[in-house]
2 protein chains.
Amino acid sequence: MSATDKAEAKPPMRDALVAAAFRLFTERGYEQTTVDDIVTLAGVGRRSFFRYFPSKDDVVFPDHERCLADMTAFLGASGPEHEPVRRVCDAARLVLLMYAENPSFSVQRYRLTKQVPGLRAYELSVVWRYERALAEYLRGRFAGGRDGNLRADVIAAAVVAAHNNALRSWLRSDGQGEATATVDHALGYVQAAFGSPPAPSADERRVEPGNPPRGAAERPEDVVVIVSRRGAPLWRVVQEIETTLGRD
Amino acid sequence: MSATDKAEAKPPMRDALVAAAFRLFTERGYEQTTVDDIVTLAGVGRRSFFRYFPSKDDVVFPDHERCLADMTAFLGASGPEHEPVRRVCDAARLVLLMYAENPSFSVQRYRLTKQVPGLRAYELSVVWRYERALAEYLRGRFAGGRDGNLRADVIAAAVVAAHNNALRSWLRSDGQGEATATVDHALGYVQAAFGSPPAPSADERRVEPGNPPRGAAERPEDVVVIVSRRGAPLWRVVQEIETTLGRD
DNA sequence: CGACGTCATGGCACTCGGTTCCCTCCGCGC
DNA sequence: GCGCGGAGGGAACCGAGTGCCATGACGTCG
């Protein structure tokens with residue numbers, strides 16, 4: 001009881017509750033398990049359960065609060081040298097990392113949330129908070145730019161969707177295989193759609209009439225794009241250009 | 001009690017419950033209002049409340065179920081002639097339409113959900129179902145393509161995020177102004193990022209100049225634009241064009 | 001050593017959302 | 001008349017979540 005006391009290993013009881021809860025959840029189902037069942041199995045008082053978990057749902061996601069804090073810290077520690085889209089992609093990878101830390105637990109939880117509507121709803125609110133954190137960061141980075149808030153919201157949503165797509169596919173395979181590769185590919189798709197080039201590797205040889213991507217510090221705002229569909233009437237083109245360039 | 005009975009006005013009681021509920025919610029707050037308060041004000045039995053609304057939350061979103069059914073019907077009635085991304089954007093407009101049908105009610109609800117975490121969570125699950133509907137449709141359209149499921153999920157999320165961004169900005173302005181213009185612009189952004197150019201009709205080079213909005217039937221999708229800011233590196237322009245046009 | 005404050009825990013009672021079961025009432029066809 | 005089915009109401013019940021207080025361990029101070 002010397003080093004691990006104050007620094008890390010706070011609650012043996014909390015872990016006992018999580019273990020007891022998951023045993024019962026997998027045995028007889030989530031809704032068929034009452035909080036009283038959990039606390040009697042764990043051998044603690046009912047009141048103590050709600051001291052550690054504000055609701056019965058929270059015991060299913062015991063470490064998301066910490067992960068969310070990590071993500072906000074990660075984003076808060078960003079500087080202007082970081083390309084924004086790439087930065088939120090990296091932030092999303094933190095979540096995957098948490099899942100990958102404990103594959104069997106994550107797979108168990110995935111099966112649970114997949115078939116219990118209440119848990120799915122709760123998970124949505126958790127995911128929403130991640131998305132909000134990403135969007136808030138992007139809003140700061142895009143501030144002043146055209147459609148900054150819109151871009152921030154859309155990109156955050158796209159990053160979360162891509163991450164979850166890859167995460168779920170990894171979870172469906174029982175945590176086999178390399179999760180990072182899948183998620184890298186998914187996030188790469190989003191970066192290709194919204195971001196600056198991921199890593200200016202050796203590909204840009206031909207498209208370089210003068211300026212190489214020197215610091216990769218170019219912003220997406222540098223390029224605003226207006227493509228006219230073939231056959232579109234000119235007044236539509238003009239209108240779109242006007243709104244794109246903005247008059248506010 | 002002749003014509004409106006079976007065809008339309010089914011539940012006077014349901015509407016009375018919604019009205020009573022919103023009166024109390026706005027007067028004393030959502031969590032401070034019990035279901036018993038609502039039913040006594042509406043003058044009906046407690047049991048009847050849960051006959052019409054499966055939960056207390058549902059009374060806040062009385063017409064989303066119908067709107068979701070409309071959306072799935074709309075998507076189900078799609079054909080191969082519809083460009084997928086544009087189609088889901090149009091589907092999203094259905095939701096905006098529902099909000100715009102009853103601006104004052106929508107604004108009231110917006111203020112409510114903004115400050116009651118439980119309602120926000122419930123709204124997330126509603127939005128999630130819309131997003132799933134869009135994603136399912138896109139999965140069908142993208143089936144067989146490279147990264148079909150990933151693209152479907154990401155685009156659905158982006159469309160929903162853009163729609164909600166515009167919707168919220170309209171709701172924040174107390175329902176003043178034209179909602180459709182805002183949402184068109186937001187969805188246009190997503191289409192610019194993800195939409196593929198529609199069927200390559202023959203004429204491509206020239207946009208007919210001097211065309212007045214004849215039928216005003218042109219949609220924003222007709223024009224997608226790519227403008228390079230001066231000084232932007234060419235590789236950025238090319239990249240942006242490539243991702244906009246899509247390479248799958 | 002004993003009094004005291006603090007903190008984690010347990011126990012109890014209560015509120016409220018949601019469900020189950022059963023009853024009444026009303027209109028319908030036989 | 002009778003039965004019958006569906007809409008509504010009422011009472012009891014369950015379980016999640018909260019507030020309040022007692023208890024017991026531990027450390028500190030007198």
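The chains referred to below are lettered A, B, ... by the order of the sequence lines, with proteins before strands, and numbering in each begins at 1.
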key: Interatomic distance, B:Y30 OH vs C:dC16 P [rounded to whole Å]   = 14 Å
request  = Report the distance from atom CZ of A:F49 to atom C1' of C:dG11, rounded to the nearest whole Å.
outcome  = 17 Å
ask   = Rounded to whole angstrom units, what separation is found between the CZ atom of B:R47 and the C1' atom of C:dC23?
value = 13 Å
request  = Measure from CG on A:L24 to P on D:dG15 and round the result to the nearest Å.
outcome  = 14 Å
key: Out of D:dG17, C:dT9, C:dG18, whichever nucleotide has its closest atom nearest the side chain of A:M13   = C:dT9
remark   = Of the listed C:dG17, C:dG10, D:dG17, the closest approach to the A:R46 side chain comes from D:dG17
ask   = In whole Å, what is the span from the CG atom of B:D58 to the C1' atom of C:dT19?
value = 15 Å
inquiry  = Can you confirm if the NZ or CZ of B:K56 lies within 45° of the ring axis of B:F49 and under 6.0 Å from the centre of its six-membered ring?
reply    = no
ask   = Side-chain N or O of B:Y52 less than 4.0 angstrom from OP1 or OP2 on D:dA7?
value = no
message = In this structure, how many angstroms lie between the C1' atom of C:dT19 and the CZ atom of B:F50, rounded?
response = 9 Å
inquiry  = With nearest nucleotide decided by heavy atoms, which residue, A:D36 or A:R51, maps closer to the 5′ end of DNA chain D?
reply    = A:D36
Spacing of B:I38 atom CD1 relative to C:dG18 atom C1', expressed in whole Å = 13 Å
message = Within the structure provided, determine whether A:R151 and A:P84 are in side-chain contact (heavy-atom separation under 4.5 Å).
response = no
ask   = Between A:L119 (CG) and D:dA16 (P), how many Å, whole number?
value = 12 Å
ask   = Can you tell me if the side-chain N/O atoms of A:S48 get under 4.0 Å from OP1 or OP2 in C:dG10?
value = yes
key: Exceeds 12 heavy-atom contacts within 6.0 angstrom, atom CZ of A:R132   = yes
message = Please verify the inter-ring angle class for A:F194 with B:Y189; under 30° counts as parallel, over 60° as perpendicular, anything in between as tilted.
response = tilted
